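Below is one structure, written out as structure tokens; comments come after it.
The sequence lines fix the lettering, A, B, ..., with proteins before strands; numbering per chain opens at 1. Treat the numbers as computed from the prediction; the structure is a model and nothing was measured.
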Amino acid sequence: MSAREPLPRAYEPAEVEAKWFPIWEKSGYFHGKPVPGKKAYSIVIPPPNVTGILTLGHVLNNTLQDILCRYHRMLGEEVCWFPGTDHAGIATEARVEKYLRKEENTGRDELGREEFIRRVWQWRSEFGGKIIRQLRTLGCSCDWERERFTMDEGLSEAVRKVFVELYNKGYIYRGQRMINWCPVAKSALSDEEVIYKDVPGKFYHFRYPLADGSGYLVVATTRPETMFGDTAVAVHPEDERYRHLIGKMVKLPLTDREIPIIADLHADPTKGTGCVKITPAHDPNDFEVGKRHKLEVINIMNPDATLNGRCGAVFEGLDRFAARELCVKMLTEQGLVEKIEDIRHSVGYSERGDVPIETLVSFQWFCNMKELARPAIEAVRSGAIKFYPERWSKTYFHWMENIQDWCISRQIWWGHRIPAWYNDETGEVYVGLEAPTAPGKWRQEEDVLDTWFSSWLWPFSIMGWPEKTGELEYFYPTNDLVTGPDIIFFWVARMIMAGCEFMKEIPFRNVYFTSIIRDELGRKLSKSLGNSPDPLDVIAEYGADALRFSIVYIAPVGMDIRYSNEKCELGRNFANKLWNACRFRQMQGETTANFRELDPETISALSPDERWMLAKLDAAIASVGTALAEFRFHSAAHELYDLVWSNFCDWFIEAEKVPMRAGGAERERALRVLDYALFRILRLLHPFMPFITEELAHQMGFLGDDETIMYESYPVPDACATVDETELARVDGKFELVRGGRFLKASYNLPDGKKVKFYIKAVDGAALEFLTAQKASLMSLLNAAEIELSEADYDHAAGGAAPSQICRLGTVYLPLAGLIDVEAERAKLEKQQRELTGWIAGSKAKLSNERFLAKAPAQVVADAKAHLAEMEEKLARTAELLEALR
RNA sequence: GGGCGAUUAGCUCAGUUGGUUAGAGCGUUUGCUUUACACGCAAAAUGUCGGGGGUUCGAGUCCCUCAUCGCCCACCA
């Protein structure tokens, strides 16, 4: 191995990260392609909106996908992570409209359809897909050559094909129904795009005079302005208060219309006044009532939610909320207001527009989902698709089993235009992949499709469907999907339906639902609150590896994450720790040749510490593997953190300084084991911290310039050291003695660096033998001037009083000639005595319980007995020590 | 109105099928320029595992119940 520049003291991620990504990408390491006979692993990215920028949610989501991809790549599978963006109809159209308004004072209406769409494409090529570049900063190993956009020609063709197929099957139809209307987008929305919020409102009680002048009825409403669309007042048929009025007419205030009083079960006598105004055009329930009673449907609203000409000259063109106020004012003046109550009620908001939606009747395209849902429910029920955490399947089933028709048409321009043509002369409707060739004047449907109507095809459209591509053959179905539970209906459920319907095969086998990220106070991250950190700033400050590791480390399973930038210190410090472990090794000289595999000679010469370390490594490797297989990312991260920081750095490196100082064969063996362990650790960590591990693997000379850790094998437990439980316990026992000795020093305020003498009384001959062999190690770890080992009691008479600490392998004493605080020492021992006595009593009670002995597993009983013996032995030693203090 | 989740150290959270004395990070206290790391080292303190009841030889873990908080779904004028 060639000599390298010494590593700097502190890890500086910026340069390293900027260096490696282009190398990886240029070398084609991210590219996945069908390789017959090789195991395939694929993931499709949840396509971010083309308008989007990277958020912490994306960071979590894509880090997890990257961990999976890098892990499987190292397992030797052919990995392909398909990236791309979503055209996000309403969001993008609004975004570009805003941009054009600001930059050029123009917009949709001025430009016309064709030009506007051209300008959206232009905007996209200039500003769109920013997030795709940002994902590279995070280290995402997507196959960037395969980047797709939901409006690409191939994907658009898939959309048209699916539309035509479902139309021909009779699932897609056009109809006049009550739909959700967003006044901002001026478009219909699906039920899923409506978010219900509990907001303060008012409950208005108005008097509607009876037409015959015999009095009035009081109706209660939260939406006075809709009264222009009232076509009846309903009461419950059994409601004694109003029974006599059924069939009579009331005069609708602010209009010259008279409307009937009807009997309908919809009217709930316990609510409001028991009289409900019926506005069939603007309320789903009223629409049903209207149908039952053949009431006129009066639409009173323009697309932007201003009132229309049906409301009279005074109200025409007025915004709905202004109209509401004016209504109340005018009714007040006419003495028709009975009372106004303050209430909180649930109001549907447009997800994108963030304004209250209107429900109104309109012609739209719908897709009947009932039949599509059937196999998709079965796919999850049978376990073909698994959800992690499993409980989300309940949410899924509930929605799928009550699935409603999907309103798929949108009155915007940016999107897949519906492939339907109307012949106004004949009234014919033509649906097909291309415009009709039949003679006549055909006019294409103006509406476009819901964005999700292309997203639900993503797992196969991205692989070239409807063409029969090698990618589909090889990579479909994909393995894992990582996404947020908030789009389980929008996307996950619909993808499963689309996969089952068009591919006749599920789109993925496992779905991992990530946590939702909140701020430290538990609030959702949002632009308006200003509590949404920019991940790029975080990466600049802490490094991408640090951000990745931290966010995985702190992500609780299936719960919200409370995030703050400070938490990235954990990952940054960890990266620095790893860096310095390598730096330490580097300072010891050239890398040995056996870093991939230990040779038999080295294995046979391993020290107990080394076997201990290799056993810890194997154990960690095994549990990281299990954790990843079960999508317990955070426990894998915890496992790795402990392995590196505690086992490797705190104990092993410190312990190995002894053989390293010894020189010769001892030193050579220690270096080999260090190299072997370090290279394993780097590979283990690579999926989590790709940049620093690649850098260190090269800096350490494990890899040459044309090699990459990305394609090194992921470590598996190799049990190259025979696991001898007794020996492992002895090493742990040695470390316990070290901790005990350090505690004694700290208790007497002796600086850690001060060299002192210790006396260790071993519990038995075997312990004495082991500890004697470990004397150099003990001295180093304790920073001792001298250690006296014996099976005999410490001789207080000769050496003076000494504080002590009881450990499993023996008792460690700190001879202090005159400095001992006898009272403190006695208090410590007495406390220990009390505790031991208590535990022993409990333990004895348990062991004398016949039912425990009869029913508990033999191992548990044996452990309990051993534990009792240990405690009794310690208690005896405590008593001796107390005695010696006198 | 249904469904789901949470409640463990000052804070944020682990705790895999019930099994010795419930853990980590941050924070706090004490001492350290120990020849990798102050983004560090060594040591320490802090818990009636939300309340109550039950099952069990044994419960943070399983069951019931109550309380508080949060999320999702549902046509509530």
Side-chain angles (χ1 to χ4, degrees), chain A residues 7 9-11 196 203 219-223 234 266-268 271-273 275-279 283-288 345-346 359 389 391-392 394-395 398-399 402 485-486 488-489 516 520 522 542 546 553-564 566-567 569-570 572-588 623 626-627 630 632 634-635 638 641-642 649-650 653-654 657 661 739 742-747 749-755 780 783 835-836 838-839 842-843 846 849-857 859-861 863-864 866-868 870-871:
Chain A
L7 296 173
R9 284 171 76 88
Y11 174 52
Y196 287 90
F203 203 25
V219 297
T221 180
T222 54
R223 301 209 49 196
H266 167 63
D268 182 344
K271 274 185 190 159
T273 59
C275 303
V276 56
K277 66 196 238 358
I278 301 298
T279 321
D283 182 281
N285 289 309
D286 293 3
F287 184 66
E288 294 303 317
H345 61 154
S346 167
T359 45
R391 64 186 156 82
W392 289 111
K394 217 164 187 169
T395 308
H398 183 256
W399 188 74
N402 298 285
D486 48 332
I488 187 165
F489 309 138
I516 289 172
E520 267 184 311
Y542 297 95
Y553 189 93
I554 65 171
V557 204
M559 290 192 329
D560 297 348
I561 298 180
R562 294 197 177 208
Y563 173 89
S564 66
E566 292 72 49
K567 289 189 172 167
E569 287 177 12
L570 178 125
R572 182 199 57 184
N573 296 353
F574 183 55
N576 193 57
K577 190 73 182 174
L578 182 69
W579 182 261
N580 272 288
C582 288
R583 181 165 178 263
F584 167 75
R585 171 61 191 88
Q586 199 195 38
M587 290 166 79
Q588 305 304 314
S623 48
T626 316
E630 294 168 2
R632 290 182 290 110
H634 82 283
S635 74
H638 281 255
Y641 186 93
D642 287 347
C649 292
D650 289 348
I653 287 186
E654 290 308 317
K657 285 178 179 173
R661 275 195 292 259
R739 256 185 246 112
R742 286 171 180 169
F743 170 70
L744 291 175
K745 255 167 123 172
S747 310
N749 282 327
L750 296 171
D752 202 49
K754 185 167 168 64
K755 290 198 183 290
S780 173
N783 206 7
E835 285 171 355
L836 282 167
W839 291 329
S843 182
K846 184 153 92 173
N849 183 334
E850 278 170 38
R851 284 184 295 185
F852 172 72
L853 295 172
K855 292 192 175 180
Q859 189 58 50
V860 173
V861 177
D863 288 351
H867 184 229
L868 175 61
E870 197 183 310
M871 286 191 295

Testing U35(B), C57(B), G40(B) for proximity to the side chain of Asn573(A), the answer is G40(B)
Does any donor-acceptor pair link the side chain of Lys577(A) with the base of C37(B) at a separation under 3.5 Å?
yes
Rounded to whole Å, the CG-P distance (Asn576(A) to G40(B)) equals 7 Å
Closest to the 5' end of RNA chain B, once Arg585(A) and Ser747(A) are matched to their nearest nucleotides, is Arg585(A)
Its contact letters, B for base, S for sugar-phosphate only and - for none at protein heavy atoms under 4.0 Å, make nucleotides 69-77 of chain B read ----S-BBB
When rounded to whole Å, the CD1 to P distance for the pair Ile516(A) and A6(B) reads 15 Å
Answer for the Watson-Crick or wobble partner of U48(B), both distances under 3.5 Å, is none
So, does Asn402(A) use its side chain to make a donor-acceptor pair with the main chain of His398(A) at under 3.5 Å? yes
Short side-chain N/O contact from Arg742(A) to OP1 or OP2 of A43(B), under 4.0 Å: yes
**Prompt:** When you check the phosphate oxygens OP1 and OP2 of G58(B), does a side-chain N or O of Asn849(A) lie under 4.0 Å from one of them?
**Reply:** no
State whether the distance check finds a donor on one side and an acceptor on the other, under 3.5 Å, for side chain Glu654(A) versus base A42(B).
no
Gln859(A) atom CD is separated from C57(B) atom P, nearest whole Å, by 21 Å
Query - Residues Arg661(A) and Ser780(A): side-chain donor-acceptor under 3.5 angstrom - result: yes
Taken to the nearest whole Å, CG/Asn783(A) to C1'/A42(B) is 11 Å
Strictly below 4.0 Å: does Lys745(A) bring a side-chain N or O up to OP1 or OP2 of C32(B)? no
Scanning all shown strands, the Watson-Crick or wobble mate of U17(B) with both distances under 3.5 Å is none
Subject >> P-based separation of C49(B) from U7(B) [nearest Å] >> reply: 14 Å
Leu570(A) atom CG is separated from G27(B) atom C1', nearest whole Å, by 14 Å
- Query: Is there a side-chain polar atom (N or O) of Arg9(A) under 4.0 Å from OP1 or OP2 of C37(B)?
  - Reply: yes
Nearest-nucleotide check on RNA chain B, Pro857(A) vs Arg632(A); residue mapping nearer the 5' end is Arg632(A)
Heavy-atom nearest pair, Lys745(A) first then Lys754(A), reads NZ-O, 2.9 Å
- Query: Regarding Lys577(A) and the six-membered ring of Tyr641(A), is the cationic atom NZ or CZ under 6.0 Å from the ring centre and inside 45° of its axis?
  - Reply: no
Asp486(A) atom CG is separated from C4(B) atom P, nearest whole Å, by 20 Å
Under 3.5 Å donor-acceptor, Arg572(A) side chain and Tyr542(A) backbone
no
